[in-house]
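Read the structure below first, then the notes.
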2 protein chains.
Amino acid sequence: MDKMQEDVRRRAGGRAERPTQRDPERTRASILAAATKEFAENGIGGARVDAIAERAGTNKRMLYHYFGDKEQLYLAVLEEAYVGIRTAEKSVNLSDLEPEQGIAELAMFTWRYFLEHPEFLSLLGTENLHRARWLRQSTRLKELHSHFIGKLSDLLDRGKAKGLFRADIDPLNVYLTIAALGYFYVSNQYTLSTIFGRDLMEEANVEAWERHIVHVTLASIRR
Amino acid sequence: MDKMQEDVRRRAGGRAERPTQRDPERTRASILAAATKEFAENGIGGARVDAIAERAGTNKRMLYHYFGDKEQLYLAVLEEAYVGIRTAEKSVNLSDLEPEQGIAELAMFTWRYFLEHPEFLSLLGTENLHRARWLRQSTRLKELHSHFIGKLSDLLDRGKAKGLFRADIDPLNVYLTIAALGYFYVSNQYTLSTIFGRDLMEEANVEAWERHIVHVTLASIRR
DNA sequence: TCACAAAGTAACCGTTTAGTTACTGGCTTG
DNA sequence: CAAGCCAGTAACTAAACGGTTACTTTGTGA
C-alpha cells in the first residue's frame, strides 16, 4: 500500500473505523482504564498487574512497555484522575450567578462529580494512605491546582460586598467543607450503611444529602 | 516451685512485675497492636504478616496460633478499633449541658478522637475500600452501635423545645456532618496539604478547624 | 521491496508471600 | 513429680507475584 492510499483511508475513516489490529493509543488507553478500576477497587498493595492486563484485554508485557512498572502505572492513573476533575471544574461558570446561587452550584457540582466518580475518591484514599507519596513526586500534579478556590473567592467577595456573607470567611475552608461532606458520605457509604442500617445510596437519601450540603455551606457563611 | 509460692507471687507482683518469659495475653496484645499499625499504614493488601510478627517482637507462628490467619487478624484489629471509640463515646456525658454546649462538646470530642487516632480512620478507609466486607461479617461489630445518635437526639429535642433548633433536624445528619468534617480533614491531610501548600496539621490550623466544625454544625441546625 | 522499528504474545524467572511442619522449652495439675 | 498441654522458635513449602526474555507479527519509510 502506498502513502496516498494510506492518507485517504486515514482521512476517510478516522480513528474509530480504522480496521487495524495494532493500535498503540487504544491499547494504552485500555490499560489505563483497567488499571484505574483495579487500583480503585484494591488499593496499590492489593492491585494485581496480571489482573490489569487481563481486564485490559492485553498482555502484561504491554503494560511494562507503555508505563514502565506498577508504580509508574499507578501514577499515570492518579494523574489522569486529577486531570479529569480539574477539566470538569473548568467548565463550571459561576460568574453570572448571584453569590448564594453560585455557592450552591459549586457545591452541587462537587457533590455530583464525587457521586459519579467513586473511583476518584478511592484513589484519593489510597494516595492519602501512602501520605501523598506519588502526588508529591509528580510536578505535573503539583502544578494542576483547582480553579474552584479562585471562583469561590470571587463569589465570597461579591457576597461580602452585598452584606450577605461574613467578612472573615476563608475560601479554602468553604471548599474543604463542601468536599468533606461529599467525600465522607460517598467513600464511607459501606460502613455507614451497615452500622446505621440505612442505605445511604437510595435516591431519596442521596438527594437529601445534596440539599444538606448546600444548606450547611450557606448557613455557615451567612452573616 | 509449689502452688503457695506461685499464688503469693501472683498476688504480690501482679501481672506487670511478673518476670515470666511466657505470657499469652501480652503476646496476643502486642500482635494486635503491631497488626493495627501495619494494617493502618499499608491497607489489607499491603500489610505483611512477617512485618507484623517482627513489629510484635514475636514469631509468625504465634500470629496464626492466636488469630487463625491474616484476615481474621484484620477483623480482630477492626473490632478492637471500633470498641475503642465506642468505649470512649460512652464516657462522654452531655446531659447536664445546654443544648448548644452539648452539641459543641460532642463535635469536639469526635474531632479530637479522630485527631488522636488516625489509625482508626485509616482502618475505616480500608474497610470501605472493601465495601465493609469484614464489618458486615462480624455480628459483634454490628451490635456495637454508637451512643452518640441517642445523645444527639436528646440534645436536639431539648434544643427544639427551647425554640433554639429547627424542628426538622435529623440526628443522623448532624452526626454525619460532624464526622465528615473531622474525617476528611485528618485522613486527606496529605493530598490537601500538598495541593493547597498549607500544612493542615499546624497547631493553629488544627484549632481553627475544630472551631469551624462546631460553628458549621450549630449554624446548620439553628432556627 | 526490504529492512527496521514498534506492537504484541507467551513462556519463563527469581523473589516474596501467606501459611505449615516439626520441634523445643516452660507451666500447670492430678 | 511426671505427664501433658500450651507458648514459642525456626526452617520450610507451595503458590502468587512483579518483572523479563525471547520471539513473532504488523506497519512504514527509504
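Heavy atoms only: backbone and side chains are in, while hydrogens, waters and symmetry mates are out. Letters A, B, ... mirror the listed sequences (proteins, then strands); counts begin at 1.
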Could you identify which residues of residues 127-134 of chain A place a heavy atom less than 4.0 Å from some atom of DNA chain C, listed by residue number, or say none? none
Only counting residues at least two apart or in another chain, list the ones meeting ring pair (Phe, Tyr, Trp, His ring centres under 6.0 Å) with A:His65. none
Please give, in whole Å, the distance from D:dG18 P to A:Tyr64 OH? 6 Å
d(CG, B:Leu73; P, C:dT17) in whole Å: 16 Å
Contact class for A:Ala47 vs. all strands (heavy atom < 4.0 Å): base, sugar-phosphate, or nothing? sugar-phosphate
Can you tell me how far P of D:dA10 sits from CG of B:Leu63, to the nearest Å? 16 Å
Can you see which heavy atom on A:Val214 is nearest to which on A:Ala104, and at what distance? CG1-CB, 3.7 Å
Indicate yes or no: does B:Glu71 engage B:Arg133 in a salt bridge with an N to O separation below 4.0 Å. yes
Please name the residue in the list B:Leu94, B:Leu172, B:Val92 that meets the side chain to side chain contact (heavy atoms under 4.5 Å, CB included) test with B:Phe148. B:Val92
For atom CD1 of B:Ile44 and atom P of C:dT17, their distance in whole Å: 16 Å
NZ/NE/NH1/NH2 to OD/OE distance under 4.0 Å, B:Lys37 and B:Glu119: no
Between D:dT9 atom C1' and B:Glu54 atom CD, what is the distance in whole Å? 15 Å
Taking the side chain as C-beta and beyond, is there a heavy-atom pair between B:Arg48 and B:Lys70 under 4.5 Å? yes
Separation of C:dT17 atom P from B:Ile52 atom CD1, nearest Å, is 12 Å
Round to a whole Å and report the spacing from CD of B:Gln72 to P of C:dA18. 15 Å
Should A:Arg112 and A:Glu210 count as an ion pair when the cut-off is N to O under 4.0 Å? yes
Matching residue for A:His117 among A:Phe114, A:Tyr113, A:Phe120 - test: ring-ring contact (aromatic ring centres under 6.0 Å, His included): A:Tyr113
Mind calculating the distance between CG (A:Asp69) and C1' (D:dT20) to the nearest angstrom? 13 Å
Is any side-chain N of the basic residue among A:Glu41 and B:Arg131 closer than 4.0 Å to the acidic one's carboxylate O? no
Could I get a table of every N or O pair under 3.5 Å where one atom is in the protein and the other is in nucleotides 4-11 of chain C?
unit_1 : atom_1 : unit_2  : atom_2 : d
C:dA6  : N3     : A:Arg22 : NH2    : 2.7
C:dA7  : OP2    : A:His65 : NE2    : 2.8
C:dA7  : O4'    : A:Arg22 : NE     : 3.2
C:dA7  : O4'    : A:Arg22 : NH2    : 2.2
C:dA7  : N9     : A:Arg22 : NH2    : 3.3
C:dG8  : OP1    : A:Asp23 : N      : 3.2
C:dG8  : OP1    : A:Thr27 : OG1    : 3.2
C:dG8  : OP2    : A:Thr27 : OG1    : 3.1
C:dG8  : OP2    : A:Tyr66 : OH     : 3.2
C:dA10 : N7     : A:Asn59 : ND2    : 3.3

